[in-house]
Amino acid sequence: MKKLILNLLPYIFSLSIGVFVYILTIVFIEDAGINNLMVNIASGLLSIPLIFISYELVKSACDSKLNGTILEHINQSAKHCMIGVIKDLHQLLPPKADNLEDYLRQTKHEIKKNLTLENFDISPLLEQKNTLDKLLVGNKHIDLVPHDEVHALLSVSREIGLLALQLKKKNQADDFLSNSVFNLLAAINRWIDSLEDGDTISGSHFFELKDFEEESS
């Protein structure tokens with residue numbers, strides 16, 4: 001909206017000049033020839049800006065609709081990726097809770113107790129990290145996404161990378177590993193909290209974990 005107003009200011013100024021010239025002509029100029037000339041000038045100052053104002057308004061409406069579509073695509077891509085992250089985490093941290101909120105808010109002690117490294121492959125999580133990075137880094141439309149959401153997604157990507165480093169040690173008893181998983185779950189929670197009301201995943205605190213598994217399949 002601010003950009004639209006700035007774009008319209010020159011045309012509004014021209015309109016004001018046109019109105020001023022027209023009033024000045026009607027009130028003070030009695031010579032028919034000069035009067036007609038000034039009226040024509042005023043008409044130009046009025047008509048041309050009106051054309052450009054109409055163009056800017058139509059362009060703004062189209063851009064707004066396009067930006068909404070782009071933002072929806074980015075949000076859906078992020079949601080799909082995050083569902084993948086949660087699903088992949090199930091292999092490392094099997095669900096013991098009934099819903100997503102409880103799963104994401106496990107304590108470090110609960111995480112350390114429930115962790116299982118047997119046959120766990122970090123590759124799918126790293127693929128999700130790469131997808132997030134491509135979505136966020138170098139995306140010319142990323143400014144459309146609220147800053148809190150972008151920051152939360154970047155935190156998730158960072159925590160996945162740190163978790164991968166800890167998993168190289170293959171030490172389930174290592175507090176650093178459970179802390180890393182805890183931080184990743186917290187980052188996912190921050191992303192959910194950052195979503196605006198009405199978003200397709202808002203209220204996911206109350207989704208059951210099986211819903212995520214079904215949607216990602």
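Only heavy atoms go into these numbers, but all of them, side chains included; no hydrogens, no water, no symmetry mates. It should be emphasised that the depicted structure is a prediction, and the values quoted were computed from it without experimental measurement.
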query = Does atom CG of L71 have more than 12 heavy-atom neighbours from other groups under 6.0 Å away?
reply =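 More than 12 heavy atoms, drawn from other residues, nucleotides or ligands, come within 6.0 Å of this atom.
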Applying a strict under-4.5 Å side-chain criterion to I, L, V, M, F, W and Y, I'd like to know whether [X] and [Y] cluster together.
X	Y	value
I41	F20	no
I29	L24	no
I23	L45	no
M38	V19	no
F13	L57	no

task = May I have the step-by-step check of side chain to side chain contact (heavy atoms under 4.5 Å, CB included) for I192 and L100, ending in yes or no?
result = CA-CA 11 Å; I192 293 176; L100 180 60; 3.9 Å; yes
Quick one: [atom1] on [X] to [atom2] on [Y], what's the gap to the nearest 0.5 Å?
X	Y	atom1	atom2	answer
F182	Q106	CZ	CD	10.5 Å
L163	R158	CG	CZ	13.0 Å
L167	I122	CG	CD1	5.0 Å
I111	L115	CD1	CG	7.0 Å
L195	M82	CG	CE	8.5 Å
Q166	D175	CD	CG	10.5 Å

inquiry  = If you apply the rule side chain to side chain contact (heavy atoms under 4.5 Å, CB included), what do you find for T116 with L92, and how did you get there?
reply    = CA-CA 5 Å; T116 174; L92 178 64; 5.9 Å; no
Test applied, side-chain contact (heavy atoms from CB on, under 4.5 Å); reference residue, I160; option that passes from D88, L125, L89 =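 The option that passes is L125.
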inquiry  = I74 and side-chain contact (heavy atoms from CB on, under 4.5 Å): which single residue from V150, T69, N139 fits?
reply    = N139
request  = May I have all residue pairs that pass side-chain hydrogen bond (donor to acceptor under 3.5 Å, both in side chains) and include part of residues 32-50, sequence neighbours excluded?
outcome  = none
ask   = Hydrophobic cluster mates of I26, side-chain heavy atoms under 4.5 angstrom, ILVMFWY only, any path?
value = Y22, V39
task = Would you list the pairs meeting ring-ring contact (aromatic ring centres under 6.0 Å, His included) in which at least one residue belongs to residues 26-65, sequence neighbours left out?
result =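 Residue pairs with at least one partner in residues 26-65: Y11-F52.
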Check against side chain to side chain contact (heavy atoms under 4.5 Å, CB included), I83 and I86 = CA-CA 5 Å; I83 289 174; I86 295 171; 5.7 Å; no
ask   = Going through the distances and angles, do S178 and K108 end up as a side-chain hydrogen bond (donor to acceptor under 3.5 Å, both in side chains)?
value = CA-CA 6 Å; S178 56; K108 294 178 182 179; over 6 Å; no
